[in-house]
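Reading through the structure tokens given below for one structure.
Keep in mind that what you see is a predicted model, and the values were worked out from it rather than measured.
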Amino acid sequence: MGQQETFDTAPTLAKVFVRAALAGKKSGSTLPGSELVLAGHTVDREHLLDYQRLCGFGVDDVLPHTYPHILGFPLQAELMARKAFPLPLVGLVHVENAITVRRTLTAADVLDVAVHAEALREHPKGRQVDLVTEVSVAGEPVWSGRSTYLARGRRTPDAERGTEAPPIPTGVAAARWRLPGNLGRRYAAVSGDVNPIHMHPLTAKAMGFPKAIAHGMWTSARVLAALGRSVNGPSTSHVWFRKPVLLPGSIDLVVDRSASSVVAGLRSTRRPETEHLVLTLTTHD
């Protein structure tokens, strides 16, 4: 790891996205070696409450499985918006996310959040990169996440696609959720992720989408919340994002608990053949 840069407060994502939009074209084949650190972060309980309610988690002092991701995401965006980063932040597609919770975290824990980039590689549809977030408490590693992003570009048909997702479960839906048109703006208010594709139909159309789309990490969090409270303890999740969820819209949750790892998925209510995500969850004793 190269130079470490420490922040007292998280970067403001609105400013980061504006800077990224004005940056112009990027190129290069190496990643910056710097690690960005948010040191001594104290959880805002009102913010935690808003996140829990919006994503469907129980309301208490326990941090949801996905909550540390939104603490690390501003650091991810800051790193990707810099000139030394070879891929453009605007237009990156979040294709996979893996999280390991090593112990139950609460609002009383003071968190150190560190982010770095690694594994820049070819993909059949462009190039991929991993943004790795590590969270520690008093020097103890307690949570880690790996976000995989795709920059569409020159095709390399022989390149590896990465880990294959299991098939989405079939059968009767375990739940059906009707999502309002303002869900993207509501999640942006909590997460800070103001990417234009989520905010309004007009800004989404300017980026090539027919409507605003739900944040992938909201859909992932909503599925995990539906799987029960054990997801917030020691556990590992892996999610593969498929087709975007257009807003407003209706989606069905399907779950298979027959194996040691739970497999869950989201599919379109109107068109069940349209898969939005597949997720695996393993809980640890």
Side-chain angles (χ1 to χ4, degrees), residues 13 17 20 51 54-57 64-77 80 87-99 115 123 125-126 128-133 145-152 161-163 165-166 168 177 179-200 203-204 207-227 231 236-254 263-268 274-281:
L13 278 168
F17 276 110
Y51 181 85
L54 184 60
C55 297
F57 290 102
H65 184 100
T66 46
Y67 185 76
H69 172 84
I70 66 169
L71 303 180
F73 183 70
L75 298 176
Q76 290 188 16
M80 291 188 286
L87 306 178
L89 171 60
V90 178
L92 284 181
V93 180
H94 195 177
V95 292
E96 286 186 49
N97 207 85
I99 289 173
V115 167
H123 181 273
K125 295 183 179 180
Q128 281 188 333
V129 66
D130 292 343
L131 273 292
V132 179
T133 302
R146 179 177 295 270
S147 302
T148 301
Y149 298 98
L150 169 67
R152 291 193 174 98
R161 288 182 174 272
T163 308
I168 191 170
W177 299 317
L179 311 182
N182 68 350
L183 176 61
R185 295 189 292 278
R186 290 172 61 195
Y187 186 77
V190 173
S191 68
D193 184 352
V194 292
N195 189 321
I197 62 177
H198 305 301
M199 302 301 288
H200 192 275
T203 55
M207 303 296 291
F209 294 92
K211 297 181 181 179
I213 66 173
H215 292 74
M217 288 306 294
W218 179 86
T219 60
S220 174
R222 188 66 189 90
V223 169
L224 286 162
L227 295 181
V231 304
T236 298
S237 68
H238 193 148
V239 60
W240 293 262
F241 298 109
R242 300 303 198 211
K243 298 290 185 180
V245 177
L246 301 179
L247 300 173
S250 180
I251 53 177
D252 288 353
L253 170 69
V254 284
V263 180
L266 289 178
R267 68 191 185 200
S268 168
T274 300
E275 301 176 7
H276 296 301
L277 68 76
V278 179
L279 179 149
T280 62
L281 174 73

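- Closest of all the heavy-atom pairs between T203 and P196 is OG1-O, 2.8 Å.
- Atom CG of D252 is separated from atom OG1 of T274 by 11.5 Å, given to the nearest 0.5 angstrom.
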Show which side-chain atoms of residues 212-221 pair as donor or acceptor with protein atoms under 3.5 Å away, not counting sequence neighbours.
{"unit_1": "H215", "atom_1": "NE2", "unit_2": "D193", "atom_2": "O", "d": "3.0"}
{"unit_1": "W218", "atom_1": "NE1", "unit_2": "L54", "atom_2": "O", "d": "3.0"}
{"unit_1": "T219", "atom_1": "OG1", "unit_2": "G216", "atom_2": "O", "d": "2.6"}

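- The line from CD of E96 to CZ of R146 is 10.5 Å long, rounded to the nearest 0.5 Å.
- Contact record, P180 with L247: O-CD2, 3.8 Å, taken as the closest heavy-atom pair.
- Listed by chain and number, the residues in a side-chain contact (heavy atoms from CB on, under 4.5 Å) with P248 amount to none (sequence neighbours excluded).
- When the ring pair (Phe, Tyr, Trp, His ring centres under 6.0 Å) test is applied to Y149, the partners found at least two apart in sequence or on another chain are H94.
- Residues that satisfy the side-chain hydrogen bond (donor to acceptor under 3.5 Å, both in side chains) test with H65, not counting sequence neighbours, are S235, S237.
- With T280 as the partner, the side-chain contact (heavy atoms from CB on, under 4.5 Å) test is satisfied by one option alone out of V239, V263, T236: V263.
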Stepwise side chain to side chain contact (heavy atoms under 4.5 Å, CB included) test for L227 and L279
CA-CA 11 Å; L227 295 181; L279 179 149; 4.2 Å; yes

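- Qualifying ring pair (Phe, Tyr, Trp, His ring centres under 6.0 Å) partners for H238, counting only residues two or more places apart in sequence or in other chains: W240.
- Contacts of R222 classified as side-chain hydrogen bond (donor to acceptor under 3.5 Å, both in side chains), with partners at least two apart in sequence or in another chain: none.
- With rounding to the nearest 0.5 Å, the separation of CG in L277 from CG in L253 is 9.0 Å.
- In this structure, D130 contributes its side chain and V132 its backbone to no donor-acceptor pair below 3.5 Å.
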Verify side chain to side chain contact (heavy atoms under 4.5 Å, CB included) between L13 and F73, making sure each step is shown before the conclusion.
CA-CA 9 Å; L13 278 168; F73 183 70; 3.7 Å; yes

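- With sequence neighbours excluded, no residue satisfies ring pair (Phe, Tyr, Trp, His ring centres under 6.0 Å) with W177.
- Remark: L266 CG to K243 NZ distance equals 15.5 Å, nearest 0.5 Å.
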List the steps and the verdict of side chain to side chain contact (heavy atoms under 4.5 Å, CB included) for H276 and R242.
CA-CA 5 Å; H276 296 301; R242 300 303 198 211; 5.5 Å; no

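- Here V254 pairs with I168, P169, R267 under the side-chain contact (heavy atoms from CB on, under 4.5 Å) rule; sequence neighbours left out.
- Residues forming a side-chain hydrogen bond (donor to acceptor under 3.5 Å, both in side chains) with S268 (at least two apart in sequence, or on another chain): none.
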Test side chain to side chain contact (heavy atoms under 4.5 Å, CB included) on L75 and T133; report intermediate values, then the result.
CA-CA 9 Å; L75 298 176; T133 302; over 6 Å; no

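- A distance of 11.0 Å separates CG of L246 from CD1 of I251, quoted to the nearest 0.5 Å.
- No side-chain heavy atom of V93 sits under 4.5 Å from any side-chain heavy atom of F241.
- Scored by the side-chain hydrogen bond (donor to acceptor under 3.5 Å, both in side chains) test, H69 finds no partners at all (sequence neighbours excluded).
- Of all heavy-atom pairs spanning S191 and I70, the tightest one is CB-CG2, 4.1 Å.
- Residues forming a ring pair (Phe, Tyr, Trp, His ring centres under 6.0 Å) with Y67 (at least two apart in sequence, or on another chain): H47, Y51.
- Taking both residues in full, the closest heavy atoms of A264 and V223 are given as CB-CG1, 3.8 Å, listed atom of the first, atom of the second, then distance.
- Remark: N182 CG to M199 CE distance equals 10.5 Å, nearest 0.5 Å.
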